[in-house]
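All figures in this text were calculated on a predicted structure; none of them were measured in a lab.
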Protein chains: 2
Amino acid sequence: MKLKEAKTLKDLAKVTGFTESTISRTLNGIGTKYRISTETQKKIIDAANEANFKFNENARGLRLKKTMTVGFIVPDISNSFFAKMASLIEREARLHKYAVFLCDSDNSTEVEKASINLLQKRKVDGIIVCPIGLESKHLQKLYQETPLVLVDRYFPKIPLPFVTSDDGLDSYKVVQHLISKGHSKIACIQGVENTSQNNMRVKGYKNALQDNGLAFDSKFLMGNSFSEKNGYYAAQQIIAMPKKKRPTAIFSLSSIITLGILKSFTEAGLKVPLDFSIVSFDEQEYSALLATPLTTIGQPKEEMGTKAFQLLRNQMESKTKLHQEGMLLPTRLNFRDSIKAL
Amino acid sequence: MKLKEAKTLKDLAKVTGFTESTISRTLNGIGTKYRISTETQKKIIDAANEANFKFNENARGLRLKKTMTVGFIVPDISNSFFAKMASLIEREARLHKYAVFLCDSDNSTEVEKASINLLQKRKVDGIIVCPIGLESKHLQKLYQETPLVLVDRYFPKIPLPFVTSDDGLDSYKVVQHLISKGHSKIACIQGVENTSQNNMRVKGYKNALQDNGLAFDSKFLMGNSFSEKNGYYAAQQIIAMPKKKRPTAIFSLSSIITLGILKSFTEAGLKVPLDFSIVSFDEQEYSALLATPLTTIGQPKEEMGTKAFQLLRNQMESKTKLHQEGMLLPTRLNFRDSIKAL
DNA sequence: AATTGGAATGAAATCGCTTTTTTAAGCAGC
DNA sequence: GCTGCTTAAAAAAGCGATTTCATTCCAATT
């Protein structure tokens, strides 16, 4: 065996004449602790460098029962909201020597479950999941076995650690703002009903109406998914309403929905805020550059990613379950030109 | 040991009274081939289900020398261009039972190298990388050892498999279009110089100028990174030029750069296409909805992701190196209102 | 002279799985 | 009664690490 071909500790042992244990200790930096002479250590380290030796992390993981890997499950990684979070989770993981498995649950609870299964088979040390949000049993079960943190969406009544933004507050504020500008017929185009984030936003919307003496009109709470199509069709419905009865303002619960709404308006030749005022959740790089700069509620995606990994790391490294409720980070309101005073 | 606590083959062996080999064979679906009686198999399968048994894929990977994992290295996952590709790579991988390690190289060749190292230690079966693009030696070395496919950026003179888009053609066409509309002073705001994609685009730009009898003016080839800042500052420079000498049209080599340009214009109170005509690389969901709907050259990101994984799978499963040059997929020109006829 | 103790390594078990090699039992054939 | 063939399953080796427990050598102590 030539030195340059040494791929494993065994190979290195054969070539250098020392045993696997000695080499393992040396390369793991605990040689001195085990009284391996400086001379021997130098020989081993030189040989390892020469051979461009790399540990097999799978074998280590097997032996150590710690793989230094985590999983991140998202509904749709092509959505820039999740991509931004992924970016910071990956970075944080990298800085702490963890590798990240990316799983796209494709907006399906079934795929989400399959992804969890996959990650467990791979013995990840922890999992961050942005759940679809309609079911939680499988997540509770998961939490019995593996460190877990939820991001963005969570389950208010279920004790699982989470990091998300406190969407209700600015939802309330922005709807109040619309009202103060003279709007009384305000539509809300929502995403997936009964998910935590949707609920918080809708609650803010309803409370603002109520506190200002406006009746909630269920016709004006529209839509059913965080998709462009949803916004597109809801906007068409709104356009089709009799002019006197239709809303003058729209509160859109996600940037993707907003794109659909805007597309619909563009096709119909309608202008913002001339024909409709718009407020949208989720600030994007382009929000200020659209035909009409949008008033938005921005979420701290980056911070959410960072914090989520930190919470996960706490669990992974302390081996204790966190029974804290989780973290609610503040959102940020960006006022722009998409609101008309009536 | 209780059945429900059985986590390993050994545990299952203890509980059922059969040996690990028999159980392994049964659960891997090759029991019959090894003449394990139907009765025994049923007992084993029932026990495994009852225990909710999951194979340890790390141990399997170690033994089989095949981990069913791949790595995907991108310069910046928060960039929606790469996120879209990631989405399809993940999907394709999932359908073929591979798990995906996501590595963000943070636009740094050093991190790219570290990521490769990490993936090799984890014994991935293959790697897809969108390289930073200035260095290729480490990739050539990698290709000696691991199946590899490059996406988006590649190295024209180096025989590594790649999938990318043929950006020169539409670059040429769109610049020609600008010229036909009367523009003769056309700036090009580029990304990272000497990367394949940048080169192709610039080449298209220069060729179009030349073929139309226009001299290439190096003052008009500006910028140095695929970032918003780059677009922002380049646009400021353009604005600062004496009005008679400054370009009337801008060819931006990425959507991120374009956002910077638009921000700059907005701040200066300049309008597209009134003050400047713009053409941008990379179609986005919002391209048609901006203050002025943009003329763009769209790349087939999804197809690139899919094809990249397919090419990788070919290598992983045939164990033969591909010495084909790679794939160049066509781009798509979307004409919109951001060009003024002079 | 025998024992002790520290320094420098080595041997062997183990992690959870797959696979090659063996074994054991039952029955047919001579 | 022995050989030889099936059938059914067990035993053991090995993947590449880590770690507990030994071993060897030699100087110092009793």
- Message: Just the rounded figure in Å: distance from P of C/dT21 to OH of B/Tyr34.
- Response: 11 Å
- Query: Do NZ/NE/NH1/NH2 and the carboxylate oxygens of B/Arg91 and A/Asp106 come within less than 4.0 Å?
  - Reply: yes
- Can you tell if the side chain of A/Asp152 reaches within under 4.5 Å of the side chain of A/Phe82, non-hydrogen atoms only? yes
- Pair of N/O donor and acceptor under 3.5 Å linking C/dT20 base with B/Arg25 side chain: yes
- Message: Could you tell me how far apart B/Asn56 (CG) and C/dG16 (C1') are, to the nearest whole angstrom?
- Response: 6 Å
- Message: Need one value for B/Lys54: base, sugar-phosphate or nothing, where a base atom within 4.0 Å counts as base even if backbone is also close, heavy atoms only.
- Response: sugar-phosphate
- Is any NZ, NE, NH1 or NH2 atom of the basic residue among B/Arg94 and B/Glu90 found under 4.0 Å from an Asp or Glu carboxylate oxygen of the other? yes
- Query: When the distance from CD of A/Glu57 to P of D/dT18 is rounded to whole Å, what number comes out?
  - Reply: 9 Å
- Query: Just how far, in rounded Å, is P of C/dG16 from CG of A/Leu64?
  - Reply: 12 Å
- Checking all strands, does B/Gly17 fall into the base, sugar-phosphate, or nothing category for heavy-atom contacts under 4.0 angstrom? sugar-phosphate
- Consider the side chain of A/Arg63, meaning its heavy atoms from C-beta on, and name the nucleotide among C/dA13, D/dC15, C/dG10 that approaches it most closely. C/dA13
- Message: Measure CD1/B/Ile36 against C1'/D/dT6 and give the value in whole Å, please.
- Response: 16 Å
- Message: Is the phosphate of C/dC15 approached by B/Lys10 (side-chain N or O, under 4.0 Å from OP1 or OP2)?
- Response: yes
- Message: Does C/dG16 have OP1 or OP2 under 4.0 Å away from a side-chain N or O of A/Lys65?
- Response: yes
- Message: Here's a test of your reading of the structure: between A/Phe18 and B/Arg35, which maps to the more 5' nucleotide of DNA chain C?
- Response: A/Phe18
- Task: Classify the side chain of B/Thr22 versus the base of D/dA8 as yes if they form a donor-acceptor pair under 3.5 Å and no if they do not.
- Result: no
- Note on the structure: Out of C/dA8, C/dC17, D/dA17, minimum distance to the side chain of A/Ser37 belongs to C/dA8
- Message: So B/Val163 and B/Gln310, do their side chains get closer than 4.5 Å, heavy atoms only?
- Response: no
- Rounded off to whole Å, could you give me the CD1-to-C1' distance for the A/Ile44 and C/dA8 pair? 11 Å
- Message: Check this one for me: any side-chain N or O of B/Thr8 less than 4.0 Å away from OP1 or OP2 of C/dG16?
- Response: no
- Item | Nearest-Å distance for atom pair CG/C1', residues A/Leu9 and D/dT19 | 13 Å
- Going by modelled atom types, is there a donor-acceptor pair between the base of D/dA11 and the side chain of B/Ser21 at under 3.5 Å? yes
- Query: Can you check whether A/Asn28 has a side-chain N or O nearer than 4.0 Å to OP1 or OP2 of D/dT18?
  - Reply: yes
- Message: Would you say A/Ser24 places a side-chain N or O within less than 4.0 Å of OP1 or OP2 belonging to D/dT18?
- Response: yes
- Rounded distance (Å) that lies between atom C1' of C/dT19 and atom CG of B/Leu27: 16 Å
- Query: Are any non-hydrogen side-chain atoms of B/Glu57 and A/Lys123 less than 4.5 angstrom apart?
  - Reply: no
- Query: Salt-bridged, A/Glu110 to A/Lys113, with N to O below 4.0 Å?
  - Reply: yes
